[in-house]
Amino acid sequence: MQGAVRRPAGARPARDNSLRRMYLNAKRAWDRPLTAYYLIMGGSLLITVLGLVMVYSASQITALQMSLPGSYFFRKQLLAAVIGGVLLLIASLMPVKLHRALAYPILAGAVFLMALVQVPGIGMSVNGNQNWISLGGSFQIQPSEFGKLALVLWGADLLARKQDKRLLNQWKHMLVPLVPVAFMLLGLIMLGGDMGTAIILTAILFGLLWLAGAPTRLFVGVLSVASAIGVILIKTSPNRMARLACIGATEPKSGVADCWQAVHGIYALASGGIFGSGLGASVEKWGQLPEAHTDFIFAVTGEELGLAGTLSVLALFAALGYAGIRVAGRTEDPFVRYAAGGVTTWITAQAVINIGAVLGLLPIAGVPLPLFSYGGSALLPTMFAIGLMIAFARDEPAARAALSLRQPRFGRKRAGGAVRDRGPRRWNTMRRRASAARSSGER
């Protein structure tokens, strides 16, 4: 037909071009030097704030049933978050040398407190676990939570010093004294019966060994020993065997096991739908779901905020995990690599175990959701570890170069009484300068 306009061969629709530009822009933004820094800082802040909201919502009924004000648990968690925020800020401003200097004092303090728990009259039992020390009034502390931070810092410092001396190619230097000290911490924890925290500590140990380049046979050997000990501890405990029997349970009574908590956690998630029943409108928290504001707060989140809320929480933890891996992979400092990898393993493993238990995919281990569940003893060392990660992310060569190129929004230099505007700074220019500041071995 005459007058018909033909599209040139090989021409692409404008929509494809716009989608490609969006993809390239997103990829370029994702690859910026400060991406990990912003992900760690923003992701941890969002998780903590959302956790405070959900603690307030999930704990009101429990507090009223205990003849306490409805905001009782929320106020305690808010106080812990404020103290944790101060610890996060301090940790983020501390140099790496000071973090390494604190490794041994933190380990010694954690071991002393964990041993103190077993002293009659000092240690106290909560939900059958002898892992708490009373600080007076309603305040308690769980020293085993600080044992996670101690193992990360001390283990990272130990492996970094051995790597500097080129000793990690010998299996005895890779295992000793890291594995014996880790087993000592595990023994102190298991004296109180807290197998959930012991699993997290074991995951941190394996993460450090993997980062240190442990050979497969050595890794499998340590894993076999830990698995054998775990099987013995589970087989000799009817309570732990009952928790295993509740995996995938759909009825409160699954044979001889009482799966009330696991099943009602599934009920809460199933009744939430896509967008939930609304904040504060949970039904399960009215006495049906035990530990609604601690170990099973993810179930209440699913009931009140729906699938959208739970996927948002999962995305935030995935972002934290990615940022931690990126920090560990881009650094040339062995201590930073081991510490960043240890913290990432700690937070990711604990989140997977908690969420897996709520979903009925794993046995209930009694571990809180990091930064989200109620509990000051878990929140404080975790926020210090997040501050550690922020310091590491900001200390990357490319990130330091990007931060140094920034100009203050106000108070720019004036030339002749007028503001001297040098025009917008191109991102490619900053990338070239950041690349020049990187060390030759950085990825």
Side-chain angles (χ1 to χ4, degrees), residues 47-48 50-63 65-66 73-74 76-77 80 125-132 140-142 144-145 148 189 192-201 203 237 239-240 242-249 252 257-269 272 282 284-305 309-310 313-314 317 346-382:
I47 294 174
T48 305
L50 183 58
L52 286 171
V53 174
M54 293 311 305
V55 165
Y56 180 65
S57 175
S59 66
Q60 284 182 322
I61 306 304
T62 303
Q65 289 175 343
M66 298 172 64
F73 293 104
F74 168 75
K76 290 185 65 177
Q77 186 73 356
S125 176
V126 176
N127 294 330
N129 291 336
Q130 184 81 13
N131 279 317
W132 297 81
Q140 304 161 353
I141 187 174
Q142 187 176 2
S144 57
E145 293 291 341
K148 303 172 187 176
I189 292 173
D194 188 2
M195 191 165 186
T197 304
I199 293 174
I200 306 300
L201 231 67
S237 173
N239 180 41
R240 298 187 185 113
R243 293 187 182 189
L244 279 177
C246 292
I247 297 178
D258 184 5
C259 301
W260 180 273
Q261 185 179 24
V263 170
H264 278 272
I266 298 296
Y267 290 168
L269 290 171
S282 169
E284 291 294 332
K285 69 182 181 183
W286 286 77
Q288 300 297 319
L289 180 64
E291 307 296 335
H293 61 299
T294 54
D295 301 343
F296 270 66
I297 195 171
F298 189 76
V300 179
T301 303
E303 185 178 5
E304 296 188 349
L305 302 183
T310 54
V313 174
L314 290 176
F317 277 109
W346 162 13
I347 294 178
T348 304
Q350 189 164 325
V352 168
I353 291 173
N354 178 276
I355 295 173
V358 174
L359 295 176
L361 304 176
L362 295 174
I364 300 174
V367 296
L369 190 57
L371 301 172
F372 202 84
S373 296
Y374 170 79
S377 292
L379 185 62
L380 295 181
T382 306

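Keep in mind the model is a prediction, meaning the values are calculated, not measured.
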**Report entry** ring pair (Phe, Tyr, Trp, His ring centres under 6.0 Å) contacts in which one or both residues fall within residues 350-372, not counting sequence neighbours
**Finding:** none
Query - Y267 versus P252, closest heavy-atom pair with distance - result: OH-CD, 4.3 Å
Query raised in the report: Would you call T382 and Q350 a side-chain contact if the rule is heavy atoms closer than 4.5 Å?
Result: no
**Report entry** Separation of W286 CH2 from Q65 CD (nearest 0.5 Å)
**Finding:** 8.5 Å
Query raised in the report: Any idea how H264 and W260 line up, ring-wise: parallel (<30°), tilted (30 to 60°), or perpendicular (>60°)?
Result: tilted
Query raised in the report: Does one side chain, of D194 or Q142, offer a donor that lies under 3.5 Å from an acceptor on the other?
Result: yes
Query raised in the report: Looking at P368 and N354, what are the two nearest heavy atoms and their distance?
Result: C-ND2, 3.6 Å
Query raised in the report: CD1 of I297 to CD of E304: how many Å apart, nearest 0.5 Å?
Result: 9.5 Å
Report task. Identify the heavy atoms of N131 and I189 that sit nearest to each other, and give their distance. Result -> OD1-O, 3.7 Å
Report task. Fit a plane to each ring of H293 and F73, take the angle between them on a 0 to 90° scale, and name the class: parallel (under 30°), tilted (30 to 60°) or perpendicular (over 60°). Result -> tilted
Report summary line: Shortest non-hydrogen pair, T310 vs G302, comes out as CG2-CA, 3.4 Å
Report summary line: Shortest non-hydrogen pair, Q77 vs G375, comes out as OE1-N, 2.9 Å
Query raised in the report: Do the charged groups of E303 and K285 touch, with an N to O distance under 4.0 Å?
Result: no
Requested in this report: Nearest 0.5 Å please: distance from the CG atom of L371 over to the CG atom of L50.
Outcome: 11.5 Å
Query - Within-4.5 Å side-chain heavy-atom neighbours: V300 and L289 - result: yes
Query raised in the report: SG/C259 to CZ/R243 distance, rounded to the nearest 0.5 angstrom?
Result: 11.5 Å
Requested in this report: Taking side chain to side chain donor-acceptor pair (under 3.5 Å) as the test, write out the residues that go with E145, two or more places apart.
Outcome: K148
Requested in this report: Quick one: pull up CD1 in I200 and CD1 in I353 and give me the separation to the nearest 0.5 Å.
Outcome: 3.5 Å
Requested in this report: Not counting sequence neighbours, which residues clear side chain to side chain donor-acceptor pair (under 3.5 Å) with S373? List them please.
Outcome: none
Query - Closest non-hydrogen atom pair, A349 against A203 - result: CB-CB, 3.9 Å
Query raised in the report: Taking C-beta and beyond as the side chain, do T348 and F317 meet within less than 4.5 Å on heavy atoms?
Result: no
Query raised in the report: What's the spacing between T294 OG1 and L369 CG if we round to 0.5 Å?
Result: 11.0 Å
